[in-house]
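Structure record follows, encoded as C-alpha cells.
Labels below follow one simple rule: chain letters A, B, ... track the order of the sequence lines, proteins then strands, and each chain is numbered from 1. Computed from a predicted model, the values in this text were never measured in an experiment.
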Amino acid sequence: MSKILVTSALPYVNGVPHLGHMVGCLLPSDVYARYMRMMGHEVLYVCGTDEHGTPSEVGAAKEGMDVGDYCLKYHNRHKEAYKAFNLSFDYFGRTSSDQNKEMTYHIFEQLDKNGFIEEQSIKQIFSIDDNRFLPDRYVTGTCPHCGYDKARGDQCENCTKVLEPTELINPRSTISGSTNLEVRETKHLFLKLPLLEEKLAAWVKSKEPFWPDVAYSIAQKWLKEGLKPRCITRDLKWGFPVNKKGFEDKVFYVWFDAPIGYIGITKQWADENPQNRNWKEWWLDAKDVHYVQFMGKDNVPFHSISFPATLLGTGENWTKVDYLKGMSYLTFEGGKFSKSENRGVFAEDAIKEFPADYWRYWLMANAPEASDSSFTFDLFAGTVNKDLNGVLGNFVSRVMKMTASKIGSVVPQAGELQDVDKQLIADLQEKVGNYCKYMENLEFKKALSELRAIWVDGNNYISVTEPWTVIKTDPQRAAAILNICLNLIRIYAVLSYPVMPETAEKILAKFGLNTKEIASLKDFSAEKEIRALKEGQQFEVGEALFERIAPEKIEELKAKYGSEKK
RNA sequence: GGCGGGGUAGCUCAGUUGGUUAGAGCGGUGGAAUCAUAAUCCAUGUGUCGGGAGUUCGAAUCUCCCCCUCGCUACCA
C-alpha cells in the first residue's frame with residue numbers, strides 16, 4: 001500500500017461548471033481516487049475553488065456584493081454541484097482560506113530569502129472611472145491589424161494577432177466601457193524563473209518516462225524558449241496582501257496562490273481533525289507519496305513549470321507532481337460550451353435531467369484524452385440506452401427476474417464448473433486485469449471499454465447457456481448457471497463502482513450488500529469472486545437500474561440547451 | 001506570426017521499435033432466441049487513413065510542403 005495524492009485543477013469560483021469542466025479534471029480525478037482506494041491505497045483527494053483575481057472582483061461588483069460573500073456563494077454552488085455528481089473529495093476547500101494564506105506567505109518568504117524574488121516596474125493601463133488597473137484582457141478596442149472593433153488588449157479574436165493594450169485604437173474598459181484610461185507605472189514582484197531554469201529542467205527531465213507526451217512536450221517547449229521572470233503580484237484588493245515591505249497595498253497574483261491552494265486546502269482538511277491528520281505527511285518531506293494531478297490542457301504550463309519552479313525555489317522538499325494528466329476539451333453539439341450564449345449543459349442542470357451516473361459513465365467513456373471530443377445529446381442518449389439500459393441494466397433485470405420466477409428470490413445452488421463457465425471465468429480474469437491496467441495508467445476510455453466488454457460477456461454467456469431452456473430438463477444446471485449470473489451482477493457492481501458509485505450501491509442493495517464492505521479490487525480473483533454470493537442469500541428484483549431516453553426527450557433537451565448553432 | 005495537439009468507416013473514436021487482407025463501439029442490413037427494459041446474441045465494412053511530394057522492398061506510422069481545426073503564446077483564469 002502506498003499513499004496516493006490526487007488533485008483536480010481548482011475550478012475558478014466565478015461561474016458555474018459545465019460538462020467540459022466535469023470531464024476535464026473533476027470526474028477523472030474522482031474515478032481515479034475511487035479506484036485507488038479500492039486497490040487498498042491510502043488516498044488523499046483534494047480540490048476547491050480558486051477565488052482570487054480580477055474576475056471575482058468584477059463579478060462581485062456586478063452583483064453588488066462583497067467579494068468575500070460573492071466567492072462564498074459561488075463556492076457553495078460548486079460544492080453542491082460536485083456533491084450531486086458524487087465527487088468523493090476528502091476535502092473541498094478554498095484558495096482564500098487562512099491556511100492557504102499561511103502557506104502562500106511561507107513559500108513567498110522562502111523564495112525571497114533564497115534570492116528568487118526581484119522588483120520590476122511595469123506599465124499598465126489604469127481606468128480612472130473604474131478606479132482600477134486593467135489586465136490586458138479587460139481593455140477592448142479596435143484591432144490595428146484587421147479593424148475588428150472588439151479586439152482584446154492581449155489578442156484580437158478576429159485575426160488572432162497578439163496585441164499590447166496600448167496598440168488598440170479607441171481603447172476602452174471592458175468593465176465599464178469607459179475610455180478614460182491612462183498608462184501608469186507600477187512596481188511589482190517577480191519570480192526569477194531564469195535562476196531556477198536549470199534545476200527545473202533537470203526535474204522535468206526526470207519525469208519524462210511518467211508524463212504523457214502532451215504534458216512533457218509543453219513543459220519542454222517552455223524550457224526551450226527560456227524562462228522569463230514572472231510577475232507574481234497584482235494591483236487588486238481581493239487577494240492575499242503581499243507580506244513584504246513596500247508592497248502591502250498589492251496582492252499575490254491568483255496563479256501564484258492557486259496551486260499553493262492544493263497544500264492550503266490539505267491543511268484545511270487537517271485542521272478539522274488535527275489529531276489524526278497531518279498535512280505534512282503528504283506535502284513536506286513526505287515519504288512514499290505518489291502525486292497525480294488532473295487538469296485541462298490549458299493548465300499544463302502552470303502545473304509543469306511555474307508551480308514546480310515555485311516549490312523548487314523554496315529549497316524545501318515539497319511533494320511535486322509525479323503524474324500529470326492533461327485532458328483536452330469537450331465540445332458541445334459541434335461548438336463550444338458558452339454560458340453567455342446559453343449553449344451547453346451545466347453541472348447543476350445536468351443533474352436535474354438525469355442521475356449523476358448517466359453523466360459520469362458517458363463522460364468517462366468518451367473522455368477527451370488524446371484530442372478534443374464531442375458531446376451531443378444523440379451520442380449521450382445512444383450510450384445510455386445501449387450500454388447502460390441494454391447491456392448492463394437489462395442483464396441485471398433478466399437474470400434476477402428469471403431466477404425469481406423460476407426458482408425463487410434466492411441465490412440458487414452453484415454447480416460444478418463446465419467448460420463454458422471456466423471460459424467465462426478466464427475471460428473475466430483477463431478483462432479485469434486489463435481494466436485495472438488501464439485505470440492505473442489513467443486511460444479511462446480504454447478502461448470503460450473493457451468494463452463494457454465485461455458486461456457484454458454476461459449477456460453472451462446467458463445466451464449461450466440458455467438457462468430458460470435448460471431448466472426444463474436439468475434444473476440443477478440451470479440453477480448453477482443462474483448462480484454464476486447473479487455473481488456476475490455482484491462483480492459488475494464492484495467493477496463499476498469507481499465510475500458509477502450510485503449504481504454500484506443500488507445493485508448491491510438488491511443483495512442486501514453495500515460497497516463499504518465489498519468494494520475492493522485488490523488481488524482480484526475471478527474464480528473466487530464468481531463464488532462470492534452465499535447460496536440461499538435473498539435478493540430483491542426491485543426497480544430497473546436505468547431508464548431509457550426517448551427520442552422526444554432528446555429533441556426537448558436539444559432545444560432547451562441550445563444545440564442549434566447560432 | 002511562433003509552438004503544440006488533432007484530422008482514420010455514415011457517427012464517436014482505437015491504432016508508433018514502419019510489415020501479412022487498417023480495427024472497435026454505435027447506426028444500417030440479415031438472421032437467431034423469447035429469460036429480460038422492443039432489451040439480448042450472431043453475421044455483415046472495396047475506408048483517396050486531410051492533400052501533395054519524398055525516404056523505403058514496404059508508410060496511417062518516418063521526412064518536407066500545404067489545407068482545416070482546437071489550444072497555448074507568460075497581464076483571463
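Scanning for ring pair (Phe, Tyr, Trp, His ring centres under 6.0 Å) contacts around F252(A) gives F108(A), F256(A), with sequence neighbours left out. A search for ring pair (Phe, Tyr, Trp, His ring centres under 6.0 Å) contacts involving H21(A) returns H18(A), not counting sequence neighbours. Judged as a side chain to side chain donor-acceptor pair (under 3.5 Å), and not counting sequence neighbours, S371(A) has no contacts. By the side chain to side chain contact (heavy atoms under 4.5 Å, CB included) test, P165(A) pairs with I125(A), D136(A), V139(A), sequence neighbours left out. In this structure, R398(A) has no salt bridge (Lys or Arg N to Asp or Glu O under 4.0 Å) partners at least two apart in sequence or on a different chain. F126(A) meets the ring pair (Phe, Tyr, Trp, His ring centres under 6.0 Å) test with F133(A); sequence neighbours excluded. Qualifying ring pair (Phe, Tyr, Trp, His ring centres under 6.0 Å) partners for Y358(A), counting only residues two or more places apart in sequence or in other chains: F354(A), F546(A).
Counting any heavy atom pair closer than 4.0 Å across all strands shown, L482(A) reaches no nucleic acid atom. Using a 4.0 Å heavy-atom cutoff across all strands shown, V456(A) reaches sugar-phosphate atoms only and no base atom. G326(A) comes within 4.0 angstrom of nothing in the nucleic acid, heavy atoms only. Nucleic acid contact for Q124(A): base, since at least one base atom lies under 4.0 Å from a heavy atom of the residue. Within the 4.0 angstrom heavy-atom criterion, no nucleotide atom of any strand lies near N385(A). No contact: F133(A) has no heavy atom under 4.0 Å from any strand. Across all strands, F395(A) comes closer than 4.0 Å to no nucleic acid atom at all (heavy-atom distances).
Shown here, rC64(B) forms a base pair with rG52(B); the pair counts as Watson-Crick or G-U wobble because both key distances fall under 3.5 Å. As the counterpart of rC76(B), no nucleotide is assigned, since no Watson-Crick or G-U wobble pattern has both distances under 3.5 Å. Across all strands shown, rG71(B) forms a Watson-Crick or G-U wobble pair with rC3(B), both key distances being under 3.5 Å. A 3.5 Å limit on both hydrogen-bonding distances identifies rA24(B) as the Watson-Crick or G-U partner of rU12(B). Across all strands shown, rU29(B) is found opposite rA43(B) as a Watson-Crick or G-U wobble partner, with both distances under 3.5 Å.
Residues F307(A) and F302(A) place their aromatic rings such that the two centres sit no closer than 6.0 Å. Outside the 6.0 Å centre-distance limit, the rings of H188(A) and F247(A) are not counted as a close aromatic pair. Ring-centre distance between Y461(A) and W455(A): not below the 6.0 Å cut-off.
For the pair D154(A) CG and rC72(B) C1', the computed distance is 12 Å after rounding to whole Å. In this structure, I462(A) places its CD1 atom 18 Å from P of rA39(B), rounding to the nearest Å. Distance N299(A) CG to rA74(B) P: 16 Å, rounded to the nearest Å.
Proximity of S374(A) to the phosphate of rC13(B): a side-chain N or O atom is located under 4.0 Å from OP1 or OP2. Between rC35(B) and R398(A), no contact under 4.0 Å exists linking OP1 or OP2 to a side-chain N or O. Phosphate contact (OP1/OP2 of rU12(B), side-chain N/O of K445(A), threshold under 4.0 Å): absent.
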Per-nt protein contacts along nucleotides 1-7 of chain B (heavy atom under 4.0 Å; B base, S backbone sugar-phosphate only, - none) come out as -BSSSS-
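Comparing atom distances between the Y253(A) side chain and each of rC41(B), rC70(B), rC75(B) picks out rC75(B) as nearest. Which of rC70(B), rA77(B), rA36(B) sits closest to the side chain of Y329(A) comes down to rC70(B). The nucleotide whose nearest atom lies closest to any side-chain atom of T54(A) is, among rA39(B), rA77(B), rA36(B), rA77(B).
The aromatic rings of F444(A) and F294(A) sit tilted relative to each other, their planes meeting at an angle between 30° and 60°.
For residues 227-237 of chain A, proximity to RNA chain B is found at L227(A), K228(A), R230(A), R234(A), defined as any non-hydrogen atom under 4.0 angstrom from a strand atom. The stretch residues 464-478 of chain A touches RNA chain B through W468(A), each having a heavy atom within less than 4.0 Å of the strand.
The closest side-chain donor-acceptor pair between Y82(A) and H78(A) falls under 3.5 angstrom. Donor-acceptor pairing under 3.5 Å is lacking for the side chains of T166(A) and E164(A). For the residue pair T95(A)/N100(A), the side-chain donor-acceptor check at 3.5 Å is not satisfied.
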Can you pull every protein N or O that's under 3.5 Å from an N or O on nucleotides 22-26 of chain B?
unit_1, atom_1, unit_2, atom_2, d
rG25(B), O3', R452(A), NH2, 2.9
rC26(B), OP1, R452(A), NH2, 3.4

With a 3.5 Å cut-off and sequence neighbours excluded, list the donor-acceptor pairs that the side chains of residues 323-331 of chain A form with protein atoms.
unit_1, atom_1, unit_2, atom_2, d
K325(A), NZ, E369(A), OE2, 3.0
K325(A), NZ, L442(A), O, 2.7
Y329(A), OH, D298(A), OD1, 3.0
Y329(A), OH, D298(A), OD2, 3.3
T331(A), OG1, S373(A), O, 3.4

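rG23(B) and rA9(B) have their P atoms separated by 14 Å, given to the nearest Å.
For CD of Q476(A), the number of neighbouring non-hydrogen atoms (other residues, nucleotides, ligands) closer than 6.0 Å is 12 at most.
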